[in-house]
Each structure stands twice: as structure tokens, then as C-alpha cells.
There are 2 protein chains.
Amino acid sequence: MNSPHPDKSRAQSLGQYLANIRTTKRMSLREVEDACDGVVSNAYLSQLEHDKINKPSPNILHALAEVYAVPYSTLMTKAGYIAETQSPKKKSGRHAQVPTFATDDLTPEEEEALLEYLAFLRSRKGGSK
Amino acid sequence: MNSPHPDKSRAQSLGQYLANIRTTKRMSLREVEDACDGVVSNAYLSQLEHDKINKPSPNILHALAEVYAVPYSTLMTKAGYIAETQSPKKKSGRHAQVPTFATDDLTPEEEEALLEYLAFLRSRKGGSK
DNA sequence: CTTGACTGCTTGATAAACTTAGCAAATGAT
DNA sequence: ATCATTTGCTAAGTTTATCAAGCAGTCAAG
């Protein structure tokens, strides 16, 4: 036994989640503002990522879900609008390789962890352009 | 009093809809407030029924949906959060999980690093099974 | 070094959601 | 009649989301 506390569903906050996705996609705050047609201002997005806002309206979340190509329900859940009673589908016996991260294989927790790690990686290296 | 709009009887405002349900169920404003554990105050519900509020937050709507035993999505639709499309399906019926990574431009090194990290993650938790 | 275009981030203001306290009109019991 | 309770409702205040504007830092030329 290596870990006394199996971190179960250590869901990151909505802000961290949003920040990770954006960093992963290498988009600036203003690029996101532009991409969603001004529905979310860059200033507001910054506050969102720093957890300054408690309950952003679904409009905002929907726009971000589209821009980031993540499920709307995930953002709604992380914003506390939907209870997290949904059991994460336990797919036992997934052992296949991971070809270019098809993500069918990733659990939500794994996806979050990888996003975070990727964000970390890229924050260390300068962008190459 | 109630002017019968012959055109679209279904185009009821959220307020009218809520008032209708409550009257039908013979509940007082304060009874509703109690039934949803104080999530919606009686005063606020009155304003809601009179269309004084444009976009109540989903918390409120969810609580009311439970108390009134009506589908949450109906209230969300009437509040203008969801478009009134009969089938919320978009193009491309199977859209199972989100390709957070799939659409991203991973460099080979990043991919390798992520795979390694994923392996590490799974060796930690997936060891038992 | 200076200029300029970026970046993320903060602040001051505004509008809207939401609550607290209370009102007037019923109803009912004494 | 008076008192008590309950009804729906609202005016006034508090809280919060949201934005426009601007600030400090970075990086690339000029």
C-alpha cells in the first residue's frame, strides 16, 4: 500500500479545469473571447480561471464548452449546477494501447490529470512558432 | 384578465407556467419555500410568477422542478437557457466522449511524455485489478 | 533603449438576481 | 367586535455576475 488516501474523484475546480484546457489548446484569453463571439470577455475568463466567480451563468458555460469542445454537462457539473451523483462509467478491462490519445480510453480523472500535466509541460517550454 | 391567446397556447411564460402549476397543486408560496428547503423564498417565487425576473439561476429552477415534479429541462427551456428544439442532438449522432486531446496538436515528445505519465498513473491505482 | 504588440490580470462600475422585512386583504376563532 | 394566522405581494436593500478600461510584464524588432 503506497497511498493512505486514494484520491477519489479529486475533481479540480472549474477554474483549474478551464485554465488547463485553455493552456493545453494554447489559446490566449482574448482568443477565447473572440472564438466565442464575445460571449465571454477575457477579463471574466481570467476571473473564472482563478475561481473568483461562484456561479457563472449557463450561457457562459455553454459558449466555453463549444469553444473548448468539452461536454457542456461537465462544466455544469463543475460549476455545481448538477449533482455529481452520476457514476463514472467503470469500464473494466480496458487494456488496449493508447494510439494518439483517442481518449475513449481515458477516465475523467485521467483526463484531468493528463491535462494538468500537459499544461505544466507547456508552461515550462516556450512556445515554438 | 386572462386573454386567450389563440395563436400559441404553448407559449406560456415561465412565470405563468410556474403559477399554473402551483395553483393546480394548491400550494401556497410559503409551502413551496418550505418544500424546497428554503432554496426559493416565497417573495422570490412571487416575483418569478409575475415575470419580474428574467433569468433565474438553474439552482432555483432545479429546486422548483423537484418540488413540482416537472422536468428540469422544461423549466430551463422556458427560462430561455435551452433552445426549444425538440431533439437536442447535433450533427453526428455518436459523439461519445470528448476529444479533448484528439483535436490537439501534440508533439511526439509530448505524446510520449503523456503516455509515460499515464502509465505511471495507472500503475499507481490500477494495480489491484 | 524605445516602441509596439502581445500576454495575463485587476479594478471600478452597472445591472440583475435574490433576500429580508413588511404590507393589506382575506379568513377564522373567540 | 378583536385577535391571530395565512394569503399574495412589493419596496428596499444586499449580493453577485459581468464588462470596459486600464495596468504591469514579456518578447521582438527598429
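Letters go in sequence order (proteins before strands), and every chain restarts at 1.
Summarising the geometry, the separation between CG on A/Leu14 and P on D/dA17 is reported as 12 Å, rounded to the nearest angstrom. The CG-P distance, from A/Leu18 to C/dG8, rounds to 14 Å in whole Å. If you measure from atom NZ of B/Lys55 to atom C1' of C/dA15, you get 15 Å, rounded to the nearest angstrom. In this entry the distance linking CG of B/Asp51 with C1' of C/dA16 reads 15 Å, nearest Å. The interatomic distance linking A/Ile53 (CD1) with D/dC19 (C1') rounds to 11 Å, in whole Å. When the P atom of C/dC18 is taken as reference, atom CG of A/Asn54 falls 13 Å away, rounded to whole Å. In this structure, the OH atom of B/Tyr44 is 18 Å from the C1' atom of C/dA21, given to the nearest Å. Residue A/Tyr81 contributes atom OH, which lies 13 Å from atom P of D/dT16 at whole-angstrom precision.
For B/Ser28, taking side-chain heavy atoms from C-beta onward, the closest of the listed nucleotides D/dG22, C/dT20, D/dT7 is D/dT7. Nearest to the side chain of A/Glu49, among C/dC18, C/dC9, D/dT10, sits C/dC9.
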Return all side-chain donor-acceptor pairs below 3.5 angstrom for residues 47-55 of chain B, not counting sequence neighbours, or 'none' if the list is empty.
residue	atom	partner	partner atom	Å
B/Glu49	OE1	B/Arg22	NH2	3.1
B/Glu49	OE2	B/Arg22	NE	2.7
B/Asp51	OD1	B/Ser13	OG	3.4
B/Asp51	OD1	B/Gly15	N	3.2
B/Asp51	OD2	B/Ser13	OG	2.9
B/Lys55	NZ	B/Ala79	O	3.3

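Nucleotides of DNA chain C nearest to B/Ala43 and B/Lys52 differ in position, and the one nearer the 5' end is that of B/Lys52. When each of B/Arg30 and B/Pro58 is assigned the nucleotide of DNA chain C bearing its nearest heavy atom, the one mapping closer to the 5' terminus is B/Pro58.
Residue B/Asn42 is classed as a base contact, given a heavy-atom separation below 4.0 Å to a base. Within 4.0 Å of A/Val32, counting heavy atoms only, lies no atom of the nucleic acid at all.
Close to C/dC18, at under 4.0 Å from its OP1 or OP2, lies a side-chain N or O of B/Ser57. The side chain of B/Ser41 contributes an N or O atom lying less than 4.0 Å from OP1 or OP2 of C/dT19.
Under the 4.5 Å side-chain criterion, counting only non-hydrogen atoms from C-beta, B/Val40 is not in contact with B/Pro56.
Although no hydrogens or angles enter the test, the distance criterion places no donor-acceptor pair under 3.5 Å between the side chain of A/Arg26 and the main chain of A/Thr23.
Take B/Asn20 and apply the side-chain hydrogen bond (donor to acceptor under 3.5 Å, both in side chains) test, not counting sequence neighbours, and it matches B/Gln12.
The base of C/dT19 is paired with the side chain of B/Gln47 by a donor and an acceptor separated by under 3.5 Å.
For the atom pair A/His62 NE2 and B/Tyr81 OH, the distance stands at 13.5 Å (nearest 0.5 Å).
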